[in-house]
Amino acid sequence: MRYFRFIALSLFFLSFSAKAQDLITFQNFEELNSYIQKNSEKPLVVNFWATWCAPCVKELPYFQKLHLENPNVKVVTVSLDFDKQVESKLKPFLKKKNYSFVTTYMADKKFNNWISKVDENWSGSIPATWIINGNKTIFVEQEFASFEELNQFVKESLIKLIL
Amino acid sequence: MKRIGFLALLMGVLMSFTNPTGYKVGDKATDFKLKSVDNKMYSMADYKDAKGFIVVFTCNHCPYAVKYEDRIIDLAKKYKSKGYVLLAINPNDPAAQPEDSFELMQKRAKEKKFTFPYLFDEGQKIYPQYGATKTPHVFLLDKNLIVKYIGAIDDNVEDASQVKEKYLENAIAALEKGQEPTPNTTKAIGCSIKVKK
């Protein structure tokens, strides 16, 4: 009985440690960039997504798994949801999913101002993933079919970025 | 000498693999023959008197495309009288995105009373030649099918009343004056084109 209580208590605290993150809002690309600079102690895996983008939503659990299983990278998701759906869709979605990676929201919808600053080859489709190590980056405009595929891509990218 | 020739050939082959495909402004676009929601086949060659073509890769399912649907309908009407032909093409494979089937394209076109051809890129042969990567994705061509503008319709997907820059309309206005559009390329977010794996 006492043993069960211990497990229950542990689970209770575990659920706190894996608590969903607050939503950080970036007003423009410069704010996102300054966040990246401030959090550059380890490589960043930045994923651009939106709740309205079905393939994006499908691959989020792979990013959550990457976040939980790979302590060598910091996973940051950037939502491009519509302004009017932040309260009605984005926040309830994140609350329900309880993802513990960093969740952020990009408010600058003048996309032409900043898409090319992420990567000049990005045409603008999502999902898209950006791996950053110091001042070197790798960008892909594609979805990942599985966690394994994402994990492999991240591993290979880090080797390229470190070399 | 032979070796240089071989190296040049090898480089050419490698570059053709690594270069992103698709048109840049100034390229000549391919014509196509695609089926529209009225079951008829359409080509740009059918429009002998067109001053230009607005080729819009769009679809049923994508929320971004849906946000632009009414604007696309208005553009088709507005520019038809000025001699420009708007052709919408759905590039998605219904096997990957069932909402973008030909039958549902017909249904959507009827509901929204499309006045322009809504074409199905059967076999997904056309969108890769253009280099479309998402919906919506616009290519403005002059009457000789030279690409004059690639990108977004305007700078505000969420609210048509808050648009500051009408990129596509400005590009058409430049063509009317015999000028090159500025900007001639813009970027916006959109849904990736769906391909069956």
Side-chain angles (χ1 to χ4, degrees), chain A residues 26 28-29 32 46-59 77-90 93 105-130 138-146 148-149, chain B residues 18-24 57 59 61-67 91-92 96-100 127-128 130-139 149-159 162-168 170 182-197:
Chain A
F26 301 124
N28 49 47
F29 178 77
L32 165 63
V46 180
N47 174 250
F48 293 95
W49 74 290
T51 57
W52 52 256
C53 165
C56 303
V57 169
K58 197 173 148 230
E59 68 176 11
T77 57
V78 182
S79 154
L80 304 176
D81 271 81
F82 298 119
D83 292 347
K84 284 171 190 150
Q85 295 184 346
V86 173
E87 296 300 327
S88 61
K89 280 187 90 173
L90 177 61
F93 174 87
Y105 167 70
M106 174 54 84
D108 185 3
K109 298 299 162 50
K110 302 284 180 214
F111 295 111
N112 198 48
N113 291 346
W114 60 268
I115 283 181
S116 293
K117 292 181 187 171
V118 172
D119 190 289
E120 63 176 48
N121 292 321
W122 186 13
S123 81
S125 82
I126 53 171
T129 296
W130 194 25
I138 287 179
F139 181 85
V140 281
E141 191 168 354
Q142 66 162 77
E143 58 186 277
F144 295 97
S146 64
E148 288 67 31
E149 197 182 302
Chain B
T18 52
N19 266 7
T21 52
Y23 297 137
K24 290 184 189 67
F57 291 89
C59 65
H61 93 276
C62 173
Y64 257 68
V66 172
K67 290 258 183 200
N92 290 332
Q97 187 71 50
E99 277 179 76
D100 292 329
Y127 90 77
Y130 276 71
T133 57
K134 61 193 169 166
T135 53
H137 203 161
V138 177
F139 294 76
Y149 170 80
I150 303 174
I153 290 171
D154 58 45
D155 68 351
N156 196 318
V157 60
E158 278 189 70
D159 189 347
Q162 296 298 313
V163 168
K164 298 267 188 324
E165 282 192 73
K166 296 183 172 181
Y167 301 128
L168 174 63
N170 293 345
T182 45
N184 60 19
T185 318
T186 59
K187 287 186 177 181
I189 293 298
C191 302
S192 56
I193 290 173
K194 303 298 183 275
V195 182
K196 193 168 182 258
K197 287 203 173 132

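Every chain is numbered from 1 and lettered A, B, ... according to where its sequence line falls, protein lines coming before strand lines.
Proximity to chain B (any heavy atom under 4.5 Å) is restricted, for A:Glu141, to the side chain, taken from C-beta onward. In this structure, chain B has no heavy atom under 4.5 Å from any part of A:Asn113.
Summarising the geometry, atom CG belonging to A:Leu80 is positioned 8.5 Å from atom OH belonging to A:Tyr105; distances are rounded to the nearest 0.5 Å.
Aromatic ring centroids of A:Phe111 and A:Phe29 lie 6.0 Å or more apart. Ring to ring, B:Tyr130 and B:Phe139 are close: their centroids are under 6.0 angstrom apart.
Inter-residue side-chain proximity for A:Trp49 and A:Ile126 is flagged as unmet; no heavy-atom pair is nearer than 4.5 Å.
Of the listed residues B:Glu158, B:Lys134, B:Lys164, the one with more heavy-atom pairs under 4.5 angstrom with chain A than any other is B:Glu158.
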